[in-house]
Number of protein chains: 2
Amino acid sequence: MTSQDTAGWAGQLHAQDRRVTRQRLAVLAAVEQSPHATAEAVLAAARSELPQLTLQSVYVVLSDLTTWGMLRRIEPPNSPARYETRIGDNHHHAVCTGCGRIEDVDCAVGHAPCLTPSSSTMTIRIADVLYQGVCTDCADAGVASLPAPLP
Amino acid sequence: MTSQDTAGWAGQLHAQDRRVTRQRLAVLAAVEQSPHATAEAVLAAARSELPQLTLQSVYVVLSDLTTWGMLRRIEPPNSPARYETRIGDNHHHAVCTGCGRIEDVDCAVGHAPCLTPSSSTMTIRIADVLYQGVCTDCADAGVASLPAPLP
DNA sequence: CACTTATTTTGAACAACTCATAATAAAGCG
DNA sequence: CGCTTTATTATGAGTTGTTCAAAATAAGTG
Ligand SMILES: [Mn+2]
Ligand SMILES: [Mn+2]
Ligand SMILES: [Zn+2]
Ligand SMILES: [Zn+2]
């Protein structure tokens, strides 16, 4: 959201020979400000700066930025896709089955060892680990039920 | 698919005070026969035994069986949900970004250590690891592109 | 066999996302 | 700066995968 970030994002877009648009900067700022945001949440946040922005545009911008490696998309169960600007560090996620809360979790075993599974005929590029459990709030509240959508 | 399996499934259903129906047995048989099948694929397979079966019924049966722990659901990116009878062993999956092929992968580091991530305020119940890469077939064919839906 | 009620079917609706096309505006150029 | 080109966005509609409410069916019980 800072002009620092904005300048950096503009630079990255330029470097990819992409146009620097208000929509792209607004979406990047929204995702930076609230990590693991949904497309709807991004739209809501970005509209304070760019009221005429549409959900469809948010979808294409998110898709493009993800394709170009400027955003990362995660797809938790029982939730629409979520996006974040924290990329390239192979970090993982824990989602609470009580309230849907999503937390970042550093790679479980240290330095990207999850990239070498025990046996597979595939050349692994990505290891996406999704932990599911109950967060302390939900544990305190005695909630251990099924996933509920985030507000 | 064998009467062995069928008897076992009927027993599990009885043990849960659930009714043993043709639909449930047909769905279980279909998933057992083709692991990681989609609801559509299950419908197609089960209809050879039960032609009047509907997709909506397949959805509720799959959902129920998953809730009761008799099936496991995985949700790969760019794919509808998939189901399998291999449950309770914390195994993971590798999906080819070329052709969409899905393989089982045993827990990467041995005996369920993925259940203890480096740091989280959550009590972890499930560690779902999704590897994405390129399978040998696709590597040989020079395909490394975006995921395509399985036939 | 008849009864109760879980289960399935029917028909419709929904959420999240994608597509085709028209309108707009960012970048390059004179 | 104004003009042009074309990437990008907005508009409107469509699609996929899934869920829901209500009626019809059938599994289990006595
Ligand atoms: Mn994250
Ligand atoms: Mn599997
Ligand atoms: Zn929680
Ligand atoms: Zn492949």
Side-chain angles (χ1 to χ4, degrees), chain A residues 6 9-28 37-44 46-47 49-68 70 73-83 100 146-150, chain B residues 6 9-28 36-44 46-47 49-68 70-71 73-83 100 146-150:
Chain A
T6 302
W9 289 321
Q12 289 189 60
L13 287 169
H14 274 136
Q16 307 230 24
D17 279 306
R18 303 297 174 173
R19 295 186 182 172
V20 178
T21 67
R22 294 164 162 272
Q23 291 84 340
R24 284 174 181 165
L25 295 178
V27 165
L28 283 164
T38 63
E40 288 275 6
V42 167
L43 177 69
R47 268 193 169 161
E49 291 285 319
L50 219 61
Q52 79 281 16
L53 184 66
T54 67
L55 182 57
Q56 288 81 348
S57 297
V58 170
Y59 273 117
V60 337
V61 168
L62 287 171
S63 172
D64 285 346
L65 293 173
T66 301
T67 299
W68 307 331
M70 298 181 65
R73 162 193 278 136
I74 65 175
E75 299 182 26
N78 309 312
S79 163
R82 289 160 185 278
Y83 299 84
L146 292 175
L150 280 179
Chain B
T6 302
W9 289 321
Q12 288 188 63
L13 287 169
H14 274 137
Q16 306 229 26
D17 278 309
R18 302 296 175 176
R19 295 187 180 170
V20 179
T21 66
R22 293 167 163 274
Q23 289 86 338
R24 285 174 179 164
L25 294 178
V27 165
L28 283 164
H36 312 137
T38 63
E40 288 277 4
V42 167
L43 177 69
R47 267 193 171 159
E49 291 285 318
L50 218 60
Q52 79 283 15
L53 184 66
T54 67
L55 182 58
Q56 288 80 349
S57 298
V58 170
Y59 273 116
V60 336
V61 168
L62 287 171
S63 172
D64 286 345
L65 293 173
T66 302
T67 300
W68 307 332
M70 296 181 65
L71 289 181
R73 162 194 278 132
I74 65 175
E75 298 181 26
N78 310 311
S79 162
R82 289 161 184 279
Y83 298 83
L146 290 175
L150 281 178

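Each chain gets a letter, A, B and so on, in the order its sequence line appears, and its residues count up from 1. Model, not experiment: these values are computed from the prediction. Hydrogens, waters and symmetry mates are skipped; everything else that's a heavy atom, side chains included, is used.
Of the residues in residues 53-66 of chain A, A:Gln56, A:Tyr59 come within less than 4.0 Å of DNA chain C through at least one heavy atom, sorted by number.
Taking every nucleotide of DNA chain D with any atom under 4.0 Å from a non-hydrogen atom of chain A, the first and last of them, 5' to 3', are D:dT6 to D:dA13.
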Exercise for review: Determine, stepwise, if the pair B:Leu50 / B:Gln23 fulfils side-chain contact (heavy atoms from CB on, under 4.5 Å).
Suggested key: CA-CA 7 Å; B:Leu50 218 60; B:Gln23 289 86 338; 3.8 Å; yes

Review point. Does the side-chain contact (heavy atoms from CB on, under 4.5 Å) test come out yes or no for B:Arg24 and B:Arg18, once each step is laid out?
Key: CA-CA 10 Å; B:Arg24 285 174 179 164; B:Arg18 302 296 175 176; 3.7 Å; yes

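Taking 4.5 Å as the limit, some side-chain heavy atom of B:Leu28 sits within range of a side-chain heavy atom of B:Leu71. Looking at heavy atoms from C-beta onward, B:Leu13 lies in side-chain contact with B:Leu65 at the 4.5 angstrom threshold.
Dashed line: the shortest gap from a side-chain N or O of B:Gln23 to OP1 or OP2 of C:dT9 is under 4.0 Å. Of the side-chain N and O atoms in A:His14, one or more sit less than 4.0 angstrom from OP1 or OP2 of C:dA27. For B:Arg24 and C:dT7, the shortest distance from a side-chain N or O to OP1 or OP2 is below 4.0 Å. In this structure, B:Thr21 does not reach the C:dA6 phosphate: none of its side-chain N or O atoms is under 4.0 Å from OP1 or OP2.
Here C:dA26 presents its P atom at 10 Å from CG of A:Leu50, a figure rounded to the nearest Å. Across the protein-nucleic acid pair, A:Arg22 atom CZ and C:dT24 atom P stand 15 Å apart, rounded to whole Å. If you take CG of A:Leu43 and P of C:dC17, they are 13 Å apart, rounded to a whole angstrom.
Between the CG atom in B:Leu43 and the OG1 atom in B:Thr38 there is a gap of 9.0 Å [rounded to 0.5 Å].
You won't find any donor-acceptor pair under 3.5 Å spanning the side chain of A:Arg19 and the base of C:dA27, going by distance alone.
In this structure, B:Ala81 and B:Asp17 both approach DNA chain D, and ranking their closest nucleotides by distance from the 5' end singles out B:Ala81.
Shown here is A:Gln16, whose CD atom has more than 12 heavy atoms of other residues, nucleotides or ligands within 6.0 Å. Heavy atoms from other residues, nucleotides or ligands lying under 6.0 Å from CZ of B:Arg73 number more than 12.
Within 4.0 Å of B:Glu40, counting heavy atoms only, lies no atom of the nucleic acid at all.
A donor-acceptor pair is defined here as one N or O able to donate and one able to accept, closer than 3.5 Å; no such pair exists between the side chain of B:Ser63 and the backbone of B:Tyr59.
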